[in-house]
Amino acid sequence: MTETKAGFCMELADKLERDGNLTDEELASVLLCDDPRFGGYLAEKARDVRERVYGKDVYLRGLIEFTNYCKNNCYYCGIRSGNKNAERYRLSEEEILSCSDLGYALGFRTFVLQGGEDPYDTDERIVSIVRGIKERHPDTAVTLSVGERERESYQKFYDAGADRYLLRHETADKDHYGMLHPENMSYERRMNCLRDLKEIGFQVGRGMMVGSPGQTTEHLIKDLRFLKAFASEMVGIGPFIPHHDTQYANAPPGTAEMTLRLLSVIRLLLPEVLLPATTALGTVDALGREKGFAAGANVAMPNLSPVGVRGKYLLYDNKICTGDEAAECIRCMSMRVAGAGYAVVQSRGDHIRYRKGEAGAGTVLPAASPEA
Ligand code: 5AD
Ligand code: FES
């Protein structure tokens with residue numbers, strides 16, 4: 001019986017690697033297969049594919065969490081506006097630029113500016129920060145993760161030199177989106193933002209939490225279809241982890257096992273994708289990030305924020321790496337990457353279809369293989 005089940009799922013994994021796609025029913029079987037041998041088999045397939053495209057390289061992103069003020073009230077998030085217990089902070093432009101100087105000296109060639117949707121962050125402020133980093137470190141990529149904005153704002157950020165944008169779609173199911181967010185947030189607006197970002201020319205990161213409240217296998221399949229349909233350049237996934245000051249404080253967390261399985265499936269669906277082994281994965285499992293690299297992930301995002309504020313950017317409980325100096329964090333991460341059999345490289349680590357010249361002009365190369 002077990003033989004049959006494992007054999008059946010392994011054949012599906014072979015098909016996924018070969019065709020880059022499966023039917024919904026087949027995807028469900030891959031996600032739900034509980035044979036203990038199957039996860040390892042799937043991960044091996046995903047590793048083969050990532051090594052074919054990106055070799056053994058792991059790209060580093062220096063994460064600068066520059067504000068935890070947020071006007072949104074997403075029900076799952078520890079820094080939502082309704083959480084009066086969150087201790088708020090905002091880094092000055094000088095502080096952000098000195099994080100980038102430190103990061104550059106440590107070898108980072110991508111900086112991710114991540115923050116809540118802070119009304120203090122006018123377009124002009126974001127533009128000035130992007131320009132500041134690019135002037136000091138022209139050979140770096142700047143990724144923004146500052147939420148939903150008008151198309152004109154995104155265009156200004158791109159024109160200022162920003163290369164990439166992370167905006168997780170959170171869920172590709174409208175009703176599920178409504179369950180996770182208050183009424184003043186809209187699924188349509190999220191989708192419009194993602195479309196605008198792509199049309200402007202950013203390398204765009206989408207993604208979702210694994211095991212978020214109310215999430216079903218059908219939702220995950222919709223997410224996978226969505227990620228594939230938009231040929232996402234980057235996909236950020238991590239387990240949902242409850243935060244004590246939210247209405248989902250007692251909801252069960254997502255598992256490392258399901259996150260790893262999804263990482264592998266995403267690698268097989270989108271062979272060229274940039275896929276981080278996230279901090280949330282390292283939080284639910286002490287070896288989660290190593291396992292993530294072994295399951296198809298090829299990006300790591302060590303924290304570059306000043307130690308004084310790290311413990312305040314708390315989207316969920318028990319977050320790791322909140323007490324470590326940047327230099328310590330990069331050393332630790334490099335060891336973890338090496339432990340998984342990979343090597344950290346000092347490079348911008350662009351998506352393989354994107355190349356940006358020194359003058360900042362973006363060139364999108366044609367896809368190596370057609371993606372539905
Ligand atoms: N657990 C895990 N991930 C979370 N995020 C927000 N809250 C949580 C949580 N409780 C994720 C969201 C968001 C990203 C910045 O962090 O997916 O897009
Ligand atoms: Fe941050 Fe280990 S990766 S301390």
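Order of listing sets the numbers, starting from 1, for every ligand and every atom in it.
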With atom 6 (C) of ligand 1 as the reference point, say which of Y76, Y248, Y75, Y313 has the nearest heavy atom. Y76
4.5 Å side-chain heavy-atom contact, L97 and I133: yes
Side chain of E117, backbone of E148: donor and acceptor closer than 3.5 Å? yes
Tell me if the centroids of the rings in Y165 and Y154 come within less than 6.0 Å of each other. yes
Near M209, which atoms of ligand 1 are under 4.0 Å from a heavy atom of that residue? 1 (N), 2 (C), 3 (N), 4 (C), 5 (N), 8 (C), 9 (C), 17 (O)
Does P239 approach ligand 1 within less than 4.0 angstrom via side chain, backbone, both or neither, non-hydrogen atoms only? backbone
Taking 4.0 Å as the limit for heavy-atom contacts, which would you say applies to H243 with ligand 1: side chain only, backbone only, both, or neither? neither
Counting only heavy atoms from other residues, nucleotides and ligands, does the tally under 6.0 Å from CG of D14 exceed 12? yes
For ligand 1, is any non-hydrogen atom under 4.0 Å from E170's backbone (N, CA, C, O), its side chain (CB onward), both, or neither? side chain
Which of the numbered atoms in ligand 1 are under 4.0 angstrom from any heavy atom belonging to C77? 7 (N)
Where is the nearest protein heavy atom to atom 16 (O) of ligand 1: which residue, which atom, and how far? L315 CD1, 3.3 Å
By number and element, which atoms of ligand 1 are closer than 4.0 Å to a non-hydrogen atom of R168? 11 (C), 12 (C), 17 (O), 18 (O)
the protein heavy atom lying closest to atom 10 (N) of ligand 1 turns out to be I241 O, 2.7 Å
Which of parallel (below 30°), tilted (30 to 60°) and perpendicular (above 60°) describes H137 and Y104? parallel
With a cut-off of 6.0 Å (strictly less than), are more than 12 heavy atoms of other residues, nucleotides or ligands near CD of E87? no
Side chains of T246 and N83: closer than 4.5 Å at any heavy-atom pair? no
